[in-house]
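All chains are named by letter (A, B, ...) in the order of the sequence lines, taking the proteins before the strands, and each is independently numbered beginning at 1. Please read these numbers as outputs of a predicted model, since none were measured by experiment.
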Protein chains: 2
Amino acid sequence: MQVSKTLDYAVRSLTYMGNDPVLRHSMKEISEHQNIPLSYLAKIMRRLVKKGLVRSMVGPDGGYVLRKTPGEIKLRDVYEAIEGEIRMVDCMDKDNICVLYDNCAQLPVWDKVQMSMIKILDDTTLQDMLNEGASMSTRPN
Amino acid sequence: MQVSKTLDYAVRSLTYMGNDPVLRHSMKEISEHQNIPLSYLAKIMRRLVKKGLVRSMVGPDGGYVLRKTPGEIKLRDVYEAIEGEIRMVDCMDKDNICVLYDNCAQLPVWDKVQMSMIKILDDTTLQDMLNEGASMSTRPN
DNA sequence: ATAACGTGGATATCATGCATCCAGAATATA
DNA sequence: TATATTCTGGATGCATGATATCCACGTTAT
């Protein structure tokens, strides 16, 4: 029930790019500025490209650019690009056929948690985070 | 960002016990009814005992009883007994001194998610889950 | 005395998050 | 055309933690 490092990397990369939404940013640049292992960043960027959040250009002076404005990119999009569909609980999946209906006592609660999280991630754009980040960056640590 | 199997086991065990809040329930009984590996359940019960959610009695006819009524046991208590303090994001912990203030762009959002989750878990008791579970158990699967 | 049951420590298994490496394709520039 | 730069994609390694098992021991009801 924690934010994964990978997701953190992704968000950091995107907010970083969001500061100059027009420029192209190379992996090397992002990696250095955000302190993310280059080789791992490559994997992450791949997912963001596939999900249509960023566009990539190869060759010298290549790199990545946001495909939308920071105001149009929802945190939910980022989350789902990295983690897949948001889902708090695995049930009736795979081989688990949830014979115990006791089990279902929990489902409504986790659904509730899930929905409230989705709502927040849906309502938060990169732009929002950039704004907040600015105000946060004045506080110590 | 998912409910762990262990937490699921804990909740299942407690809701099961909540159906007969007065009786003692042996691990064997719980294990069989809830389909939880006995030896693993032992570990889980240990934590619930330590956190004061459940009282244990050894010897023949021993077992576990809820220490409070289902209406007094919050899901948050269960969560924290199993997972420890609720915290979405690790930052400024350990060796990570969060030098990147870009990073902080995220914090407010995850805090928000965290608080909304805490609120829900705080507002939900075993009793609530038992009630809901009853209404849920009528739907297929 | 005996059988039933929880306790607690050691240990095994396994999945997965995180990370690294490398050969290859694309492309800008000279 | 040659070269340097950058992304691509697949294979692989590593470490951590969740899940699970085992067993010797202490307790207690009968």
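- Atoms NZ (Lys5(B)) and P (dT21(D)) sit 10 Å apart, rounded to a whole Å.
- For the pair Glu83(B) CD and dG17(D) P, the interatomic distance rounds to 13 Å; values are reported in whole Å.
- Ring geometry for Tyr40(B) versus Tyr9(B): interplanar angle over 60°, hence perpendicular rather than tilted (30 to 60°).
- In this structure, of dT27(D), dA20(D), dA19(C), it is dA19(C) that holds the atom nearest to the side chain of Pro37(A).
- Between Tyr9(B) and dT19(D) there is no side-chain N or O to OP1 or OP2 distance below 4.0 Å.
- Take the nearest nucleotide of DNA chain D for Lys50(A) and for Asp61(A): the residue whose nucleotide is more 5' is Asp61(A).
- Leu126(A) pairs in a side-chain contact (heavy atoms from CB on, under 4.5 Å) with only one of the listed residues (Asn19(A), Thr69(A), Ile73(A), Asp77(A)), which is Ile73(A).
- The nearest whole Å value for the distance from the CZ atom in Arg24(B) to the P atom in dA29(D) is 12 Å.
- With a 4.5 Å cut-off on side-chain heavy atoms, Val65(A) and Met57(A) count as touching.
- Mapped onto DNA chain C by nearest heavy atom, Lys28(B) and Thr6(A) fall at different nucleotides, with Lys28(B) at the one closer to the 5' end.
- When the side-chain nitrogen and oxygen atoms of Ser56(A) are compared with OP1 and OP2 of dT6(D), none of them lie within a distance under 4.0 Å.
- For the pair Met27(A) and Lys43(B), both in contact range of DNA chain D, the more 5′-proximal nearest nucleotide belongs to Met27(A).
- Atoms CE (Met45(A)) and P (dG10(D)) sit 18 Å apart, rounded to a whole Å.
- Within 4.0 Å of Ser39(A), counting heavy atoms only, lies at least one base atom of the nucleic acid.
- Here Ser26(B) lies in heavy-atom contact (under 4.0 Å) with sugar-phosphate atoms only.
- The residue Met57(A) sits close only to the backbone: its heavy atoms come under 4.0 Å of sugar-phosphate atoms, none of a base.
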For this session: Please report the C-alpha distance between Gln106(A) and Val89(A) in whole Å, then the side-chain angles of each, then the deciding distance to 0.1 Å, and finally whether the side chain to side chain contact (heavy atoms under 4.5 Å, CB included) criterion is met.
Result: CA-CA 9 Å; Gln106(A) 310 185 43; Val89(A) 133; 5.5 Å; no
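- We find that CG of Leu7(A) is positioned 14 Å from P of dA19(C), with the value rounded to whole Å.
- A straight line from CG of Leu48(A) to P of dG9(D) spans 14 Å, rounded to a whole angstrom.
- Rounded to an integer number of Å, the gap from Gln2(A) CD to dG17(D) C1' is 12 Å.
- For the pair Arg46(B) and dG8(C), the criterion of a side-chain N or O lying under 4.0 Å from OP1 or OP2 is met.
- A heavy-atom distance below 4.5 Å is not found between the side chains of Asp122(B) and Tyr79(B).
- For Pro60(B), the side-chain atoms get nearest to dA4(C) when compared with the rest of dT20(C), dA4(C), dT7(C).
- Atom CG of Asp8(B) is separated from atom P of dA18(D) by 15 Å (rounded to the nearest Å).
- Here Tyr64(B) does not reach the OP1 or OP2 of dC5(C): none of its side-chain N or O atoms lies under 4.0 Å away.
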